[in-house]
Amino acid sequence: MGADQHLVVSWLMRVRFAPSPTGALHIGGARTALYNWLLARHAGGTLVLRIEDTDRERSTPENVEQIIDALRWLELDWDEGPISQVSRSDRHQDVLARLLEEGHAYRSNATAQDVQAFKDEHGAERGFRGVAEDEGAVRLRVPDEGETVVHDLIRGDTTFAHRHIDDPVIARADGSVLYNFAVAIDDLDAGITHVVRGEDHLSNTPKQLLVLEALGASQPVYAHLPLLHGPDGKKLSKRHGAASVQELRAAGYLPEAVRNYLALLGWGDADDETIISTPELIQRFRIERVARNPARFDEQKLRWLNGRYMRELDTDELTRRLEAYTGREGLRDAVAISEEKVQTLADFWPLAGFIFDGPADDPAAREKWLGEEGRAALADVRAALAEVEPFTVEQVEPALRAVVEARGAKPREVFQPVRVALAGTTVSPGIFETLAVLGRDASLERIDRALAA
RNA sequence: GCCCCCAUGGUGUAGCGGUCAGCACGCAUGCCUUUCACGCAUGUAGCACGGGUUCGAUUCCCGUUGGGGGUACCA
């Protein structure tokens with residue numbers, strides 16, 4: 001690589017997604033990943049995946065795998081990593097030693113009680129300052145004077161007075177480093193240019209900046225995303241239905257619809273479009289336009305959006321998705337007549353499963369539509385259907401309408417009994433289409449059964 | 001407690017000193033119609049409150065209230 005090219009590379013955007021593997025990837029984390037991905041793809045930059053696993057208790061291989069699965073399902077790829085934060089502990093130790101050596105950090109055995117005692121004496125707003133000891137945890141020295149300003153692409157500048165900041169513990173007594181230290185070093189070493197993460201990290205940013213400053217390193221540009229809440233305004237949790245990516249997947253949502261929805265949750269373009277394909281998103285997404293206020297996750301809108309995406313897929317593709325989702329095969333004909341009626345992949349089977357598994361059992365439907373009148377109509381339909389040739393929608397429809405006319409009935413008085421006979425319920429795809437998909441034999445058999453019951 | 005962030009209909013957002021405050025979801029009604037949907041049409045509902053600044057504030061400043069985050073030898 002020549003010098004010129006190197007210069008170009010150094011100007012490119014490098015972002016990262018750094019989840020801590022504490023379980024399933026939540027929607028908030030998924031959105032953070034999406035925004036970073038959008039930024040990287042838009043700028044032709046690099047997305048680094050780093051696993052923040054310094055908390056050994058919660059970081060299990062299963063949890064890491066869950067996050068990677070979720071990203072794959074969302075079709076968000078990364079260019080470097082996954083890098084385990086723990087795997088970088090040698091480097092962390094080197095930097096820690098240097099900070100200790102240069103006096104930017106010190107060892108201390110101060111406990112939470114000691115910190116409280118300090119505040120009782122100096123005032124609650126006064127940041128804790130410890131005294132150097134021979135052993136104990138490592139604390140970063142925060143100056144008493146001055147302030148640290150976080151320059152944020154979304155929020156502008158936020159100023160933190162040093163006198164309010166506690167000397168943060170950056171390494172445990174056993175030497176293992178803590179998040180606020182490791183994250184600063186890792187982002188620095190990875191050459192991250194833009195740190196895009198949740199707002200819950202904003203208050204800790206000055207500590208990370210102080211670490212960087214102690215090292216004489218330059219700082220990245222920050223962008224803190226507003227947090228996501230549940231429908232009730234409270235923190236998002238399992239109580240709110242699908243709160244994790246795997247739950248969204250299980251609920252039958254399409255990854256492209258989820259990307260579209262998540263992109264709009266906290267971000268809006270000037271032209272106010274709602275349906276935005278991923279390529280368009282890459283082209284139009286601007287981190288500066290991300291909203292500052294927290295957003296609520298609204299599954300109703302996701303459902304609507306998902307329905308729009310479902311209807312945009314052609315029948316073959318939708319069939320592939322549905323077959324993968326249900327684990328069944330030979331669904332195409334049933335899919336073709338159900339497309340307009342489902343909003344999620346999960347909606348399909350309850351609507352059209354009767355075609356394969358036989359009529360559902362809905363006593364109320366039978367009672368209402370298969371009484372004396374219903375059976376009489378059904379018998380007429382059976383007779384008419386026996387003559388239809390070929391057994392196609394084009395031939396079936398006029399035959400049934402002729403029955404309606406001959407009986408002087410309302411359409412529903414004839415069609416609903418047929419529907420209940422075939423599906424067992426009052427809801428199904430169009431009746432002519434359903435008949436055609438079922439075929440003459442199966443249709444007549446089901447009608448006979450309803451008549452005999 | 002202390003530090004920090006945020007505030008447009010029920011929800012997500014557009015707006016960046018003068019607009020009938022726009023769009024989407026939802027909800028309601030109508031049309032379509034064999035069920036359920038889809039689609040189409042119409043309607044419903046909002047600038048948290050109080051002070052300023054200004055000829056004029058949804059928009060700028062301050063405060064209040066209300067949410068949220070941080071304050072761990074968690075991330």
| request: Could you give the distance separating B:G63 and B:C55 at their P atoms, to the nearest angstrom? | output: 24 Å
| query | Does CD belonging to A:Glu288 count more than 12 external heavy atoms closer than 6.0 Å? | reply | yes
| query | Is the NZ or CZ atom of A:Arg31 both under 6.0 Å from the centre of the six-membered ring of A:Tyr35 and within 45° of that ring's axis? | reply | yes
| request: Classify the nucleic acid contact of A:Ser203 as base, sugar-phosphate or nothing, counting any heavy atom under 4.0 Å across all strands shown. | output: base
| Where along residues 337-363 of chain A does a heavy atom come under 4.0 Å from RNA chain B, residue by residue in number order? | A:Glu340, A:Lys341
| field | Contacting residues from residues 254-263 of chain A, given that a heavy atom lies under 4.0 angstrom of RNA chain B | value | none
| task | Give A:Lys207 one of three labels, base, sugar-phosphate or nothing, depending on what nucleic acid heavy atoms sit under 4.0 Å from its own. | result | sugar-phosphate
| field | Greater than 12 external heavy atoms within 6.0 Å of A:Glu373's CD | value | no
Check: protein-nucleotides 59-61 of chain B nitrogen or oxygen pairs below 3.5 Å:
none

| With sequence neighbours excluded, what pairs up with A:Tyr179 under the side-chain hydrogen bond (donor to acceptor under 3.5 Å, both in side chains) test? | A:His201
Mind listing the N/O atom pairs, protein and nucleotides 5-9 of chain B, below 3.5 Å?
unit_1 : atom_1 : unit_2   : atom_2 : d
B:C5   : O2'    : A:Arg155 : NH1    : 2.5

| field | Ring centers of A:Phe118, A:His122 separated by less than 6.0 Å | value | yes
| C1' atoms of B:U33 and B:C40, separation to the nearest Å | 13 Å
| said: Just to be sure I understand the rule, does A:Arg303 reach a base, reach only the sugar-phosphate, or reach nothing, if contact means heavy atoms closer than 4.0 Å? | reply: nothing
| said: So for atom CD, which belongs to A:Glu405, do other residues, nucleotides or ligands contribute more than 12 heavy atoms lying within a distance under 6.0 Å? | reply: no
| note | When both distances are under 3.5 Å in a Watson-Crick or G-U wobble arrangement, the nucleotide paired with B:A45 is none
| Heavy-atom contacts under 4.0 Å between residues 166-177 of chain A and RNA chain B, which residues? | A:Asp166, A:Val169, A:Arg172, A:Ala173
| message | Just to be sure I understand the rule, does A:Arg107 reach a base, reach only the sugar-phosphate, or reach nothing, if contact means heavy atoms closer than 4.0 Å? | response | nothing
| task | Determine if A:His201 stacks with B:A75; use a centre-to-centre distance below 5.5 Å and an interplanar angle below 30° as the criteria. | result | yes
| query | So which nucleotide does B:C25 pair with, by the Watson-Crick or G-U wobble rule with both distances under 3.5 Å? | reply | B:G10
| message | Going by the rule side-chain hydrogen bond (donor to acceptor under 3.5 Å, both in side chains), which residues pair with A:Ser108 if we only count those two or more places apart in sequence or in a different chain? | response | none
Contact list (N/O, under 3.5 angstrom) for nucleotides 43-47 of chain B vs protein:
none

Produce the list of close N/O pairs, under 3.5 Å, pairing protein atoms with atoms of nucleotides 29-34 of chain B; give distances to one decimal.
unit_1 : atom_1 : unit_2   : atom_2 : d
B:U34  : OP1    : A:Arg401 : NH1    : 3.4
B:U34  : O2     : A:Arg419 : NH2    : 2.2

| remark: Residue set satisfying salt bridge (charged side-chain N to carboxylate O under 4.0 Å, His left out) with A:Lys301, at least two apart, ordered chain then number -> none
| message | Quick one: does any side-chain atom of A:Arg155 pair with a main-chain N or O of A:His224 as donor and acceptor, under 3.5 Å? | response | yes
| task | Please indicate whether A:Glu367 has more than 12 foreign heavy atoms, meaning atoms of other residues, nucleotides or ligands, lying under 6.0 Å from its CD. | result | no
| query | What pairs with A:Asp347 under side-chain hydrogen bond (donor to acceptor under 3.5 Å, both in side chains), at least two apart in sequence or on another chain? | reply | A:Arg303, A:Thr344
| request: Mind checking side-chain hydrogen bond (donor to acceptor under 3.5 Å, both in side chains) for A:Arg449 and listing every partner two or more places apart, or none if nothing turns up? | output: A:Glu445
| Phosphate OP1/OP2 of B:G15 contacted by A:Arg289 side-chain N/O (<4.0 Å) | yes
| task | Using both distances under 3.5 Å as the test, list the Watson-Crick or G-U wobble partner of B:G50, or none. | result | B:C62
| How about A:Phe415 and A:Phe432: are their ring centroids closer than 6.0 Å? | yes
